[in-house]
Amino acid sequence: MKMIITGAAGFIGSNLTKELLKLNYEIVAIDNFSTGSADNLSSVKNHPKLTTITCSVQDHASWADKAAEGDIIFHLAATVGVKKVFANSHDTFTNNLDSMTAVLDVAHKKECKVFFASTSEVYGQSKGVPFAETDPLSAYTTNQGRSAYVISKMANEVSCLNYNNLKGVPVIIARLFNVIGQGQRKEFGMVVPTFIDAALSGNPLTLYGDGLQTRGFCNVKDFLTAVTALIQEPKAWGNVYNIGQDVTTTIQELALYIVETSNSKSELVYTKLPPERIGKIEIHSRQPNIEKIRALTGWSPLISWQTSVNEMLTELDVKSHLGD
Ligand SMILES: NC(=O)c1ccc[n+]([C@@H]2O[C@H](COP(=O)([O-])OP(=O)(O)OC[C@H]3O[C@@H](n4cnc5c(N)ncnc54)[C@H](O)[C@@H]3O)[C@@H](O)[C@H]2O)c1
């Protein structure tokens, strides 16, 4: 069985590629390097079981011949990150819709399975945290810019379920809640690497509003154990699962922890929400209910957000001393 990973040069995709190579799978890694980086895969680039294809997922003629019956296609390629999505609403929408269609079409023709990375953003401003898979989903088309991401992911979920239910393509939909860890970059508005970068350079850490928004930060290693547990469980196929850390923290507590742990002199600065965060798409409190995956596989996250932050601090501190 082969594993085909789209978005393999991204933060999660590169971690998944390395993990599945360790488990001795043959991997086909697809990325167009729109935000991904070759550096993320440099430690395995000459691995005999890794084939890397530089192309957009939509260009399926470049990769479909690698797919064969029983393979799993992990679809992680997407336009991601609040800043990038807000600035490129149209491209986000078409990229996320068209790449999903290409993956499902290839999976259908070649009799593959599909693991799709959806997002906790689909819950919108649901009132009752923690969010369960059975909760109503919400999104507002009028939130010009931001909505392109969440609505494309919701449409992707519908496409996945259509192919699963009507065309016999086994699909797992994973709703990811703030996955963090080594290798995550700050460029597109990810909060933990952004705060760490500010603290290490002595710049202020900017908090939006009162900083009391809550998030559960899931270490990418915990995410990978969830993925490997799910794909081995026959009953997981055809279903939707939350994957995330259910112990949450406020953004303010996160910022203070980063400043203290890095012995930084940086200050916390509170500002109004920037344009990309105003409106009904922004979720104040985000916490997954993980009972469904726990009941099926026994999985729950083992790594605290503090340990994840410590790992990222060490990595970025070492890089900053090397002038990277
Ligand atoms: N990181 C999180 O906390 C989080 C939360 C929810 C959902 N997700 C989902 O997980 C997936 C991976 O996220 P990430 O944080 O690793 O993001 P990332 O930006 O690091 O990775 C995405 C990768 O996809 C590639 N890509 C984009 N469009 C492509 C296309 N059309 N063809 C080929 N490659 C393409 C990019 O170059 C990049 O390498 C995404 O689908 C994202 O929506 C992530």
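Atoms within a ligand are numbered from 1 in the order they appear, just like the ligands themselves. When reading the values below, keep in mind they use all heavy atoms of this one structure, side chains included, and skip hydrogens, waters and symmetry mates.
Here the options are K153, R175, R286, the test is side-chain hydrogen bond (donor to acceptor under 3.5 Å, both in side chains), and the partner is E121; only R286 passes. When each of V179, L302, T307, I303 is checked for a side chain to side chain contact (heavy atoms under 4.5 Å, CB included) with K221, only I303 meets the rule.
In this structure, a donor-acceptor pair under 3.5 Å is absent between the side chains of Q213 and Y208. With no hydrogens or angles considered, a side-chain donor-acceptor pair links E157 and S118 at under 3.5 Å. Between the side chains of D71 and Y25, no donor N or O sits under 3.5 Å from an acceptor N or O. In summary, the side chains of Q182 and N15 do not present any donor paired with an acceptor at a separation below 3.5 Å, with no hydrogens or angles considered.
Scanning all heavy atoms of the two residues, the minimum distance from D135 to P130 falls at OD2-O, 4.0 Å.
With hydrogens left out, the protein atom closest to atom 20 (O) of ligand 1 is F11 N, 2.8 Å, a heavy atom. Scanning all protein heavy atoms for the shortest distance to atom 16 (O) of ligand 1 gives I12 N, 2.8 Å. Protein heavy atom at the shortest distance from atom 40 (C) of ligand 1 is L76 O, 3.1 Å. Regarding atom 37 (O) of ligand 1, its nearest protein heavy-atom neighbour is D31 OD1, 2.6 Å. Scanning the protein for heavy atoms near atom 2 (C) of ligand 1, the closest one is V179 N, 3.7 Å. Nearest protein heavy-atom contact of atom 32 (N) of ligand 1 is V57 N, 2.9 Å.
The aromatic rings of F116 and H75 lie parallel to each other, with less than 30° between the two planes, well short of the 60° mark. Ring-plane geometry between F115 and F74 is classed as tilted, the angle between the planes lying from 30 to 60 degrees on a 0 to 90 degree scale.
For a threshold of 3.5 Å applied to N or O pairs, the pair formed by G13 and ligand 1 contains no separation below that value. At under 3.5 Å, a nitrogen or oxygen of S34, whether backbone or side chain, sits near a nitrogen or oxygen of ligand 1.
In the vicinity of S118, heavy-atom distances shorter than 4.0 Å reach the ligand 1 atoms 6 (C), 7 (C). Below 4.0 Å from some heavy atom of G36 lie the following atoms of ligand 1, by number and element: 36 (C), 37 (O), 38 (C), 39 (O). Remark: ligand 1 atoms within the under-4.0 Å shell around heavy atoms of T35 are 19 (O), 36 (C), 37 (O), 38 (C). The contact set between ligand 1 and G7, taken as ligand atoms under 4.0 Å from a residue heavy atom, comprises 23 (C), 24 (O), 25 (C). With ligand atoms numbered from 1 in the order given, ligand 1 contributes 20 (O), 21 (O), 38 (C), 39 (O) to contacts under 4.0 Å with heavy atoms of G10. Against a heavy-atom cut-off of under 4.0 Å, A77 is close to the following atoms of ligand 1: 24 (O), 26 (N), 29 (C), 34 (N), 35 (C). Annotation for ligand 1: atoms under 4.0 Å from non-hydrogen atoms of N178 are 3 (O).
The proximity of S120 to ligand 1, defined as any non-hydrogen pair under 4.0 Å, does not occur for either the backbone or the side chain. Looking at F33 against ligand 1, only its backbone comes within 4.0 Å, counting heavy atoms. Under 4.0 angstrom from ligand 1, the non-hydrogen atoms of K153 all belong to its side chain. Residue-level proximity to ligand 1 for Q58 is carried by the side chain, the only part with a heavy atom below 4.0 angstrom. By the criterion of a heavy-atom distance under 4.0 Å, the side chain of N95, and not its backbone, is placed next to ligand 1.
In this comparison of V191, T94, I53, L176, the heavy atom closest to atom 5 (C) of ligand 1 sits on L176. When the heavy-atom distances from atom 42 (C) of ligand 1 to F223, F177, Y149 are ranked, the shortest goes to Y149. For atom 29 (C) of ligand 1, the nearest non-hydrogen atom from the set I30, V80, V150, N32 comes from N32.
For the ligand labelled ligand 1, residue C55 lies inside the 4.0 Å heavy-atom shell.
Comment: E187 does not engage K83 in a salt bridge, judged by the lack of any side-chain N to carboxylate O separation of less than 4.0 angstrom. The pair D39-R185 does not count as a salt bridge, with every side-chain nitrogen at least 4.0 angstrom from each carboxylate oxygen.
Contact of the Q245 side chain with the F217 side chain is not registered, since no non-hydrogen atoms from C-beta on lie closer than 4.5 Å. Side-chain contact between N178 and W305: absent, with no pair of heavy atoms (C-beta onward) separated by less than 4.5 Å.
Under the 3.5 Å distance criterion, the side-chain polar atoms of D197 are left unmatched by any main-chain donor or acceptor of P193.
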